[in-house]
Amino acid sequence: MDEELHERVREVVAAVPPGKVATYGDIAALAGAPSPRMIGRILNEDGADIPWHRVLRANGTPAPHIAREQLARLRAEGVLAEGERVRLREHRWRP
DNA sequence: AAAGTGACTAGAC
DNA sequence: CGTCTAGCCACTT
């Protein structure tokens with residue numbers, strides 16, 4: 001069942017090291033999700049005990065409703081953002 | 001069953 | 001920088 005997808009997504013997100021970030025698209029590709037949209041959906045449900053804050057949109061900005069929290073957490077890990085946008089060039093995680 | 005929705009993306013302008 | 005389109009897929013109306 002798609003329990004497996006949830007698990008893989010959790011695993012991939014958990015695999016992103018502190019100080020690094022990944023995009024929804026990256027997570028989707030690595031976890032084998034059918035679409036990046038699924039990632040957000042899954043995190044919304046299972047994001048409780050995984051570092052969801054290391055997941056950004058393709059342009060380096062976080063999703064609007066959680067932007068404050070996310071940027072604060074990232075900053076605490078040493079990921080500096082220009083306004084709302086993180087420099088993916090520097091902080092994007094490559095497996 | 002058809003239409004709307006959303007933690008998305010890539011491309012066109 | 002920005003807006004708009006089209007594609008995406010599980011879920012809710």
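Proteins come first, then strands; the chains are lettered A, B, ... in the order of their sequence lines, and each starts at number 1.
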Whole angstroms only, please: what is the [atom1]-[atom2] distance between [X] and [N]?
X       : N      : atom1 : atom2 : result
A/Met38 : B/dT9  : CE    : C1'   : 14 Å
A/Tyr24 : B/dA10 : OH    : C1'   : 17 Å
A/Glu3  : C/dA10 : CD    : C1'   : 16 Å
A/His6  : B/dA7  : NE2   : P     : 16 Å

remark   = Contacts satisfying salt bridge (Lys or Arg N to Asp or Glu O under 4.0 Å) that involve residues 41-53 of chain A (not counting sequence neighbours) are A/Arg10-A/Asp46
inquiry  = Taking salt bridge (Lys or Arg N to Asp or Glu O under 4.0 Å) as the cut-off, I'd like each qualifying pair that reaches into residues 58-75 of chain A, sequence neighbours left out, listed once.
reply    = A/Glu69-A/Arg73
ask   = Which nucleotide sits closest to the side chain of A/Pro34: B/dA7, C/dA10, C/dC1?
value = C/dA10
request  = Compare the minimum distances between each of B/dT9, C/dC9, B/dA7 and the side chain of A/Ala63, then state the nucleotide with the smallest one.
outcome  = B/dA7
task = Please name the pair of heavy atoms, one in A/Ile39 and one in A/Ala33, separated by the smallest distance, quoted to 0.1 Å.
result = CD1-CB, 3.8 Å
task = Locate the shortest heavy-atom distance separating A/Pro51 from A/Val13; write the atom from each residue and the value.
result = O-CG1, 3.5 Å
key: Residue closer to the 5' end of DNA chain C, A/Ser35 versus A/Arg85 (nearest nucleotide)   = A/Arg85
inquiry  = In whole Å, measure the gap between the P atoms of C/dG7 and B/dA7 for me.
reply    = 22 Å
ask   = Below 4.5 Å, heavy atoms only, C-beta onward: do A/Arg54 and A/Pro18 meet side chain to side chain?
value = yes
ask   = Within a strict 4.5 Å, meaning less than it, do heavy atoms of the A/Glu90 and A/Leu80 side chains meet?
value = no
task = Go through residues 41-62 of chain A and report each residue with a non-hydrogen atom lying under 4.0 Å from DNA chain B, sorted by number.
result = A/Leu43, A/Asn44, A/Trp52, A/Arg57, A/Ala58
